[in-house]
Amino acid sequence: MKLTIRDLIRLRHCESHYRLGKLGLYAASKRTQFFYQKKDSLILALSKGPTSFSEALEKAFLEYSRDWFLNNRQYETCRDQDLARWHRFADWFFEQGYQILKTRLCSAISVNTSCNHVAVSELSAQADLVLKKGEHVYALSIFPNEPQYSVRARKQETQAYYSPELLSQYLISAPTYGQEIISMICYLKSKEDKADFLASQYTEGKCYLQMGYGGIAEATQALLSTIHLSIPQKCEDCRYTDLCHQQNTSALAPEKQPEETSISVPAEAVDLEKGLTPEQRKVVEHMEGPMAVIAVPGAGKTHCLIARMVRMIKNGILPEQILFVTFTKKAAGEILERARRVLGEGSALPAIFTFHSLGYTILRKHEDFIGKSLKIAEKVDYYRLILQIIDEISPLSGINYDGLTGDFGLLSRIYNAVLSIEKDGLEEWKKHADFPDPDGLGCLYQKLKERMKEEGYICFDEQIQLTNQLFSEYPDVLKSYQQRFRYVMIDEFQDISSDQVDLVYAIASHGNIVVVGDDDQSIYSWRGGSNYYLLHFQEMWSNSKIVILPDNFRSVDHILEAANALIANNTNRYRKSLRSHHRATVRPIYRKNVLVDTIRDLVASAERSGYKPGDIAIIARKNKALEKIKKSLDGFYLATSPKTLLIKDEVFIAIRDTFSLYVTNFHDPLALYRQLKRNGYELDIPVERDHMLESFLKYFNLPEPDLYDPDLLEIYEASGSPGIALARTLSSCKKLLYAQDLSDAVRSIYQFLWQKKEHPAVEELCSRIEMRAINTASEFLNHMNAMIEFSDTAEVEYPASPDTITLLTAHKSKGKEFPIVVIYGVEEFEESEEGRNLLYVSMTRAKRNLFLLQGSFSDAPLYPEFKNYVD
């Protein structure tokens, strides 16, 4: 096989990287394409002197286009930087006094070896210039990036000596210009370039590399070593991950995973009140007046709430008079599903909301109060508006407008700062701002709020704040909701904020309010949550009742003894103690200074005891520890978080691809490739990226796809595997033709591709269609593309596989349970009320076995508080 140097670099990563790279599914940026389109003419101009080069450079940059960039500021910055980098290189080049012997040298090197099990017979290489300076001859090439190699690197793949570019240049030039020739790579970017200025000096190691070799034989041997070198590939960082690994756990996960609860949810015919504890019965039988229910972990609170709803309805209370409010869509969905199962399909159900969806629903019915059609600003909206405003204000100091996107790009930094300002206020944020130009950002923020108001956007938390304002200014509106919702139930009350409590207390002014929570599980102070309102409930509602549910039906007694010992050291709490219903002979295990790799031994031991990987959860205080754990388990056990980014979810990608093919008439090469593979055919024929569809159809002699031609499907299906895949791709696009609306189309596409009815990514996309009032396929595609472009952080949660270990942060473990829990990094839990709460929540996720691991030599401040209850 004949390879280029670029092919070789891809192949050293892995065969899939090489194969997919050859298809050209991802085009280089327009900025990079511009460099390679103009490089030859600019190199030719170098040979004619500084004046000719300057003229050629100015002429070339007349074609540098604003259309390649997100806004004017980025365009101006990148254009000025790229011009300055070419001038910096040219100034150095002319100062050196090189004599140009040849402007392009191309040749092939016979290698007859293999790379990553692929036979390589010939390697084509080139040098942009052959130069002479004094007695020395140089083979030189220019690249647009910064140095990728170093003379001081420890890893062979990044050592300049083993650079495929340097070696190949030497081997094609040495036979003609002598074995003393020096191979050189020049880079336009310098490692010393900073955010808002470029390094003035063009220096070795920072801007260029040069290497001499001891002859052709030595360089040939070094090249063979380079070719044989297999570079470890981080699949999660590879742009081809979704093409190489087509299915992921979210797409293959079961739609419903039976929830293992301490008190099972009976079928409709079973008496929900059978087997209740005396404390649970008090909650279920309570009809009128205020009550606070303090439910310890595993107390069966959801069962109690459902049983109370059923009793209320049986006693003549209309379901629509009952308001149930919780924090997350997932929790609200579970309550709704369980209520539907118990009350019967088609029965009227209570009004079940999250706090924010309650505010949104009320505001939507009173849009005249806001003055415009209600739009909730999501991350993509913030990014779009920020991009506009950046062009309108003075340049921010210390900022590189080149890197706008990405996880650590300027947009992400500004967005995170805006969220902090909305939470803490501008002046408070400035006191501890980690931003180069706080005053400039303050100006941007003020303009952002003005623009959001002009376009009718409100931020996420304003759904509640504006509803409170609406109730304050329009008492009749509030009164209508007080009369409608005669009975109010609030879940997870220990994490309620002041705005949220104002909202539900206003509606529940009649006093028929039941709140449920656990002051010991309050872990969200960083987002405004507090157990204050649960602890002071009786002060607000003087005739209220307090019921404590102390029975834990989840965990064995030894785990609860350790948890009780820990949480008893908090003072701001109701005095209570967990009561176990399961006995065990083994106490929780505590180990100090444990290496991450030790977790593999724990998992292996659990498997020998009959547990599956899905029975195990590994909990850490921070995501960084989980990343280390996942790397340690790679190759031994599958480990994943039950949540994934929506834009990385296979179902999201499949739906986006279908919409793109529909809107572009099948002229999205990346979407076409993925969709064909999804439907059974992996494209491996020679294609041109911009003409993939035409290449595919011509190669297999197939007619062009036409959504309105009823005979095409039969023609495609009769032509074998490629045609069948195209027929299925066409069929999925046809769902958009016959759907009642966009939400129906999204659901139909998913059901067609996976033969399943429900998926969390589908529900999230349908919710976005509704919340944003999206009406056309083009609008929806633009929204999904913007989510990808701006690295949207929305997550979806799906059931874990029985064969997959679950990785969780302590915060995300709330509400879950597992037979075996491993808490890694106990020293990371701080000695404070919330630190104890967080470790307490983590410990009480365990049903049978609990392992507490100290991951460093640092003392674990909370260990002394429960050390007498662990082995």
Side-chain angles (χ1 to χ4, degrees), residues 279 292-299 301 327 490-498 500-501 515-540 544 546-552 554-580 587-588 590 619-622 808-817 821 823 825-846 850 852 854 858-870:
E279 293 88 354
V293 181
I294 316 302
V296 303
K301 66 168 182 175
F327 276 87
I490 314 295
D491 194 15
E492 303 292 351
F493 199 72
Q494 76 279 349
D495 287 314
I496 200 165
S497 70
S498 58
Q500 290 164 345
V501 85
V515 304
V516 184
D518 181 5
D519 46 306
D520 293 332
Q521 296 187 71
S522 181
I523 56 175
Y524 290 107
S525 63
W526 50 273
R527 68 181 189 194
S530 171
N531 62 12
Y532 174 88
Y533 302 101
L534 182 60
L535 293 171
H536 293 81
F537 187 79
Q538 279 187 310
E539 296 174 19
M540 178 63 196
S544 61
I546 303 293
V547 176
I548 294 178
L549 304 182
D551 293 271
N552 176 293
R554 174 190 299 156
S555 307
V556 295
D557 52 354
H558 288 321
I559 291 174
L560 299 187
E561 287 167 3
N564 279 328
L566 169 70
I567 207 64
N569 291 283
N570 277 354
T571 56
N572 197 29
R573 63 188 293 262
Y574 286 101
R575 306 311 296 180
K576 56 188 179 295
S577 184
L578 296 160
R579 207 158 60 194
S580 176
R587 299 206 300 179
Y590 191 93
I619 299 173
R621 180 70 177 81
K622 298 173 183 175
L808 295 163
T809 61
H811 281 98
K812 291 183 179 179
S813 72
K814 181 84 169 60
K816 296 177 173 61
E817 57 181 43
V821 167
I823 301 174
V826 179
E827 70 278 10
E828 296 289 336
F829 293 83
E830 60 273 14
E831 189 177 8
S832 66
E833 295 247 330
E834 188 157 329
R836 287 190 190 90
N837 288 352
L838 201 52
L839 182 55
Y840 173 79
V841 166
S842 302
M843 293 167 71
T844 53
R845 302 308 98 196
L850 174 62
L852 299 116
Q854 185 178 312
S858 302
D859 290 335
L862 297 178
Y863 170 63
E865 300 180 10
F866 58 84
K867 68 177 183 179
N868 294 330
Y869 298 91
V870 298

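Worth saying up front: this structure is predicted, and the values here are computed from it rather than measured.
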Worksheet item: When you look at Asn570 and Asn837, which way does the side chain to side chain donor-acceptor pair (under 3.5 Å) test go after all the steps?
Response: CA-CA 9 Å; Asn570 277 354; Asn837 288 352; 3.0 Å; yes
Worksheet item: Going from OG on Ser580 to CG on Asp557, what distance comes out if it is rounded to the nearest 0.5 angstrom?
Response: 5.0 Å
Worksheet item: What distance separates Leu838 CG from Gln521 CD, expressed to the nearest 0.5 Å?
Response: 10.5 Å
Worksheet, complete the sentence: Minimal heavy-atom distance between Leu534 and Val515, with the atoms involved, is CD1-CG2, 4.2 Å
Response to the item:
Between Ala846 and Ser555, the two heavy atoms sitting closest are O-OG, 2.6 Å
Fill in: Straight-line distance of Glu830 CD to Leu862 CG, nearest 0.5 Å
8.0 Å
Discussion item. Could you walk me through whether Glu833 and Asn572 satisfy the side chain to side chain donor-acceptor pair (under 3.5 Å) test, starting with their C-alpha distance in whole Å, then the side-chain angles of each, then the deciding distance to 0.1 Å, before giving a yes or no?
Written reply: CA-CA 8 Å; Glu833 295 247 330; Asn572 197 29; 4.6 Å; no
Worksheet item: Would you call the rings of Phe866 and Tyr863 parallel, tilted or perpendicular if under 30° counts as parallel and over 60° as perpendicular?
Response: perpendicular
Worksheet item: Just by distance, do the side chain of Ser813 and the backbone of Ala810 share a donor-acceptor pair under 3.5 Å?
Response: yes
Practice prompt. Report the C-alpha distance between Lys814 and Asp518 in whole Å, list the side-chain angles of each, state the deciding distance to 0.1 Å, and finish with yes or no for salt bridge (Lys or Arg N to Asp or Glu O under 4.0 Å).
Written response: CA-CA 12 Å; Lys814 181 84 169 60; Asp518 181 5; over 6 Å; no
Worksheet entry | Candidate pair Arg527 and Asp495, rule salt bridge (Lys or Arg N to Asp or Glu O under 4.0 Å), full reasoning | CA-CA 9 Å; Arg527 68 181 189 194; Asp495 287 314; 5.7 Å; no
Worksheet item: Hey, what do you get for CG (Asn552) to OG (Ser577), rounding to the nearest 0.5 Å?
Response: 10.5 Å
Item to complete: State, to 0.1 Å, how close Phe537 and Ser544 come at their nearest heavy-atom pair, and which atoms those are.
Response: CE2-CB, 3.6 Å
Response to the item:
Taken to the nearest 0.5 Å, the spacing of His536 NE2 from Ser530 OG works out to 9.0 Å
Worksheet entry | Residue pair Pro550 / Lys576, side-chain heavy-atom distance below 4.5 Å | no
Worksheet item: What's the spacing between Glu865 CD and Ile567 CD1 if we round to 0.5 Å?
Response: 9.0 Å
Discussion item. Would Ser858 and Glu827 count as a side chain to side chain donor-acceptor pair (under 3.5 Å) here? Give the steps.
Written reply: CA-CA 7 Å; Ser858 302; Glu827 70 278 10; over 6 Å; no
Discussion item. Can you confirm whether Lys301 sits close enough to Asp491 that some side-chain heavy atom of one is under 4.5 Å from a side-chain heavy atom of the other?
Written reply: yes
Fill in: Closest non-hydrogen atom pair, Asn569 against Ala565
ND2-O, 2.9 Å
Item to complete: Would you check if Met843 and Leu852 make a side-chain contact, meaning some heavy-atom pair closer than 4.5 Å?
Response: yes
Worksheet item: Minimum heavy-atom separation for Val870 to Arg587, with atom names?
Response: O-NH2, 3.2 Å
Worksheet item: Arg554 side chain to Thr844 main-chain N or O, any donor-acceptor pair under 3.5 Å?
Response: yes
Response to the item:
Correct closest heavy-atom pair for Leu578 and Ala563 would be CD1-CB, 4.1 Å
Worksheet item: Do the side chains of Ile619 and Arg845 get nearer than 4.5 Å, heavy atoms only?
Response: yes
Item to complete: Using a 4.5 Å cut-off on heavy atoms from C-beta on, say whether the side chain of Ile546 contacts that of Ile294.
Response: yes
Worksheet entry | Any Ser498 side-chain heavy atom under 4.5 Å of Tyr532 side chain | no
Worksheet item: Below 4.5 Å, heavy atoms only, C-beta onward: do Glu279 and Val293 meet side chain to side chain?
Response: no
Item to complete: Go through Phe327 and Gln500 one step at a time and tell me if the side chain to side chain contact (heavy atoms under 4.5 Å, CB included) criterion holds.
Response: CA-CA 10 Å; Phe327 276 87; Gln500 290 164 345; 3.5 Å; yes
Fill in: Trace of the side chain to side chain contact (heavy atoms under 4.5 Å, CB included) decision for Phe493 with Val501
CA-CA 9 Å; Phe493 199 72; Val501 85; 3.9 Å; yes
Worksheet item: Tyr574 versus Leu535: any side-chain heavy-atom pair under 4.5 Å?
Response: yes
Worksheet item: With under 30° as parallel and over 60° as perpendicular, where do the rings of Tyr524 and His811 fit, or are they tilted in between?
Response: tilted
